[in-house]
Amino acid sequence: MFFRRWNFGWDRFSEVDIFTDRHDTSAETLSQAIRAAASEEPDADGSVPFGHLQGTVVGLRYYTGVVNQGEMVGLVRQPQNPYDRNAVMVANIYGNQVGHIKRELAAAMAHIMDNNLAKVEGVVYSGTKNKFNMPVTLSFWGREENKNAVVENMARRGFKLNTSTSRPTGANEMSYNSIQRKKGLTIPLTAAELKNAFDNLFEGLVESDDGEKEAADSVATPLLPHQRQALSWMCARENKSTLPPFWEKRGELYYNTLTCFSAKEIPERVRGGILADDMGLGKTLTTIALILTNFHNGKPLPVERCEEERASPVKANTKPKMASKPAGSSSAGDGAGVSDAAAGSVCSDLPQTEVICVDTPDIVEITSQSEKSASKGKTKATKRKPSKAAPVLLDDLDFAAALGGSASDAAPKKKKTANKANPTPSVESLYLQRADDLSARATLIICPLSVLSNWLEQLEQHVRADVKLNVYLYYGSERNRSQKFLSSQDVVITTYNVLSADFGNKSPLHGISWLRVVLDEGHIIRNPNALMSKAVLDLKASRRWILSGTPIQNSVKDLWMLLAFLRLKPFDVREWWNRVIQRPATQGDRAGLQNLQTLVKCITLRRTKSSEANGRPLVSLPEKNVSVEQVELSQQEREEYELARSEGRNTIGRYVAEGTVLRNYADVLAILMRLRQHCCHPDLLAKTSSSDLGAAATPAELRERLIEKLRSVLASGSDEECSVCLESVNLPVITHCAHVYCRPCIAQVISTEKEIARCPLCRSEIKASELVEFPQEEMEEEKSTNAERWRASSKVQALMGNLLRQQSEDSSIKSLVVSQFTRFLTILETPLREHGFTFVRLDGTMTQKRRTQVIQEFQSSSADGPVVMLLSLKAGGVGLNLTAASRVFLMDPAWNPATEEQCIDRCHRLGQKRNVVVTKFIVKDSVEENMVKIQRQKQDLVEKAFGSTNSDRKTSRIDDIKALMEL
DNA sequence: ACCGCCGGGTGCC
DNA sequence: ACCGCCGGGTGCC
């Protein structure tokens with residue numbers, strides 16, 4: 001249990017502390033804490049208003065937090081308060097305490113808040129002249145089923161909730177309502193409009209006013225226009241001093257127009273943002289250019305130059321690769337900074353003249369300047385205002401101005417011009433160098449393991465050969481953990497996994513003040529409860545970037561994590577994000593959605609492959625030609641298929657009639673999968689024939705069948721998701737009712753239930769001891785398909801026909817042969833070998849090292865290199881660069897057309913020189929054709945709709961299944 | 001805090 | 001003088 005001392009030094013403690021530990025301090029038991037954490041998500045989304053009431057905030061004079069008229073406040077339980085264990089603290093957006101809720105009301109609220117029956121939110125609508133207390137409007141939110149309990153509980157203690165519909169929702173509700181009424185916009189968005197709006201959230205985010213910027217000399221590759229534009233935008237985001245969105249200067253104060261919070265201090269700006277360009281537009285190159293181009297004060301990164309003639313014989317060694325290997329020499333690790341870190345390189349033998357290091361004159365100047373401003377800032381921050389009568393309720397500034405009270409420049413009409421014309425003190429000058437730690441040099445890049453090698457390659461490729469950029473790959477057990485060493489690098493690259501493994505274990509990465517932290521594929525930090533996310537949020541950096549081709553994957557919720565990483569005040573605190581953006585937006589409030597769009601627009605640059613700049617496409621990729629080749633089954637195959645189909649149809653038809661599709665979901669999937677396997681090759685079915693319904697005879701048999709089903713579900717390659725976390729299953733286990741979940745997810749469900757745990761999908765009773773795992777050794781026996789017994793199939797012949805024809809036309813063309821079934825890939829190896837095709841294989845079971853090796857082999861242009869890559873659809877994930885191929889054969893259709901697109905994009909991307917030809921093999925009159933039909937429907941509707949609940953998705957899947965089986 | 005509450009001083013008008 | 005009234009001290013939770 002965390003004990004918090006409520007001493008007097010706490011008015012400056014960070015707002016994150018207050019809210020993130022909320023459950024720790026309020027929950028009495030662990031199970032309560034788990035329940036609280038587990039229920040946090042649904043609460044935020046599915047909460048309904050219970051009502052509101054007027055309360056009183058007392059004790060204002062003891063605290064420094066001030067509140068504007070109309071400002072939102074946070075309510076935090078303080079169970080450890082020595083005077084009253086029911087205490088409820090009131091804090092403003094910055095987490096500065098304003099006061100407490102009056103005792104009797106707090107006593108009533110404590111019970112409700114502690115049991116998570118409702119979330120209580122406060123807004124201070126009307127002011128008071130009084131320095132000691134003020135009214136606050138408290139609104140209660142929660143799950144529908146808790147509403148009556150909450151209302152009654154409050155009533156019993158003498159607090160009647162006003163349940164009328166004119167609920168106050170946010171600080172500016174009054175003004176929004178009046179604006180909306182005038183414009184006639186009170187009707188909330190329909191679900192379809194909402195979905196569309198979310199879908200398009202990241203569309204058309206092209207910031208064109210920044211112009212273009214040339215990269216520093218040290219960048220070897222000339223940037224394309226859109227990359228120069230991105231570089232310019234990124235530099236501006238790092239250097240320019242504009243107020244964050246929704247903040248404006250009013251008189252002497254900085255005012256947040258959404259929460260009505262204001263502060264004397266300038267709100268911390270966001271140095272960085274989201275580069276959300278489509279895959280293939282060169283986010284990596286642009287980021288490398290940013291690193292080299294924008295050091296402190298917009299100057300290029302001071303990098304050591306090797307003299308051409310001396311360096312050239314060993315040029316390769318001085319390049320990133322050299323530095324990237326773990327520096328074994330202890331002198332480099334523990335040495336004193338830049339020059340020692342370079343000790344291993346050839347360059348250190350050169351006269352020091354070319355070495356630009358930290359103590360060049362102009363940098364010294366900057367440093368001293370920063371010290372000045374830093375100390376100035378410090379005194380400002382620590383010096384308490386002598387007039388301790390701080391807690392005055394500030395009247396609305398416009399209101400004050402209208403009364404003729406204060407500064408005329410706050411008058412509404414003049415406000416805008418006054419801000420522009422009056423340069424003293426400009427926002428720009430106020431920022432000074434405050435946020436930038438000028439001693440910071442290194443950029444930390446965090447990426448998924450799958451793209452790690454890509455970063456190293458691209459650094460090698462895009463950094464000039466005579467520039468010695470210190471790049472360190474922080475990976476592997478031998479990694480150098482010296483902070484001194486790491487912080488003296490120019491670039492440190494690591495993976496999310498390494499970062500979270502280090503986290504909490506005196507992580508050197510967390511002890512360093514980075515110049516810049518870059519999250520590559522940043523959308524993968526999405527779950528705020530994940531250790532990885534926490535590890536990422538805990539990094540110290542003055543500039544923060546997220547690179548992601550798909551910043552939103554499922555819902556607006558995903559955005560929060562990104563904003564929290566960027567530290568976009570005040571939305572980095574979940575409560576304010578929920579109250580001000582997420583809830584209004586998901587409930588169809590137009591103003592809320594508008595705010596969300598503004599927010600995204602301010603921090604994001606996104607161009608798609610089809611975007612244009614000045615009427616010309618950003619990148620001219622070679623053409624892509626997608627065609628479907630129908631495959632006719634042989635008579636024997638057709639007979640076998642029809643037999644399986646009618647069997648399956650009967651079974652599924654029975655489930656549909658009984659309404660037990662969900663209960664038998666795994667079976668249904670297995671049937672579908674078998675049909676899909678029939679379409680590819682009969683041998684794929686060998687393993688999965690025996691299982692049928694019926695009472696299990698022995699536990700061993702049951703177990704065998706469950707494993708069988710689990711294997712079917714997994715082997716199908718369909719993007720089976722865990723119904724608890726809604727992501728692809730991780731550490732899959734199958735329940736006795738044959739539903740597949742991630743082990744941690746279902747384990748949590750079981751441990752949270754008090755008495756009997758039930759399957760989230762079919763409500764059958766489940767036990768932790770009955771979860772069945774996929775046995776490890778299963779993977780091995782798959783290889784047993786022997787060559788003698790090998791036979792062809794129509795689809796195999798179709799592929800081979802294409803490959804042979806192509807080889808005779810142009811033998812230099814390389815192909816990707818893609819299937820969801822890794823066993824199908826194995827089957828395909830035989831005819832490929834037979835016809836003398838050299839090939840490599842890439843699937844999910846391979847180690848990263850092997851993958852890199854295979855990709856390199858495939859990408860190399862050597863004459864006897866592989867011409868075919870057998871690729872499992874889900875392998876590798878995004879970012880894979882397979883531009884050596886210009887021909888793609890999709891052997892079987894995927895549930896999700898986006899997966900296919902992504903796969904095609906691995907070769908149809910920047911760097912592709914040839915036209916790309918894609919062939920999709922679809923068996924005529926089969927489940928595959930139906931899958932394609934469903935894909936088409938989905939492209940209109942766009943799968944993974946926002947706001948759709950888990951059960952909605954399952955229902956739509958049932959509909960899909962019916963369509964597939966033509967029921 | 002232009003309140004409420006507490007507790008000591010005080011006690012016709 | 002076991003009350004009322006006055007006026008100073010005081011005040012979140």
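Numbers restart at 1 for each chain; the letters A, B, ... are given by sequence-line order, proteins then strands. Since we're looking at a predicted model, the values are computed, not measured.
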Rounded distance (Å) that lies between atom C1' of dC12(C) and atom OH of Y62(A): 6 Å

Nearest-Å distance for atom pair CD/C1', residues Q78(A) and dC13(C): 7 Å

Heavy-atom side-chain contact between V90(A) and V136(A) under 4.5 Å: no

ring centroid sep under 5.5 Å plus plane angle under 30, F132(A) with dC12(C): no

Gap between atoms CG and P, on L60(A) and dC12(C) respectively (whole Å): 11 Å

D84(A) (side chain) and dC13(C) (base): donor-acceptor pair under 3.5 Å: no

Length of the CZ-P vector between R61(A) and dC13(C), whole Å: 11 Å

Close side-chain approach of L258(A) and F571(A), heavy atoms under 4.5 Å: yes

Protein-nucleotide distance (K102(A), atom NZ; dC13(C), atom P), rounded to Å: 6 Å

Side chain proximity check, C260(A) to Y255(A), heavy atoms < 4.5 angstrom: yes

Y63(A) side chain, from C-beta outward: closest of dA1(B), dC12(C), dC13(C): dC12(C)

Phosphate contact (dC13(C) OP1 or OP2) by R85(A) side-chain N/O below 4.0 Å: no

Integer-rounded Å distance: dC13(C) P and Y83(A) OH: 12 Å

Whole-Å gap separating P (dA1(B)) and CE (M134(A)): 16 Å

Rounded C1' spacing from dC5(C) to dA1(C) in Å: 12 Å

pair D589(A)-R583(A): side-chain heavy atoms closer than 4.5 Å: no

Spacing of R103(A) atom CZ relative to dC5(B) atom P, expressed in whole Å: 16 Å

Nucleotide paired to dG11(B) in any strand shown, Watson-Crick or G-U, under 3.5 Å: dC3(C)

Close side-chain approach of N68(A) to T259(A), heavy-atom, < 4.5 Å: no

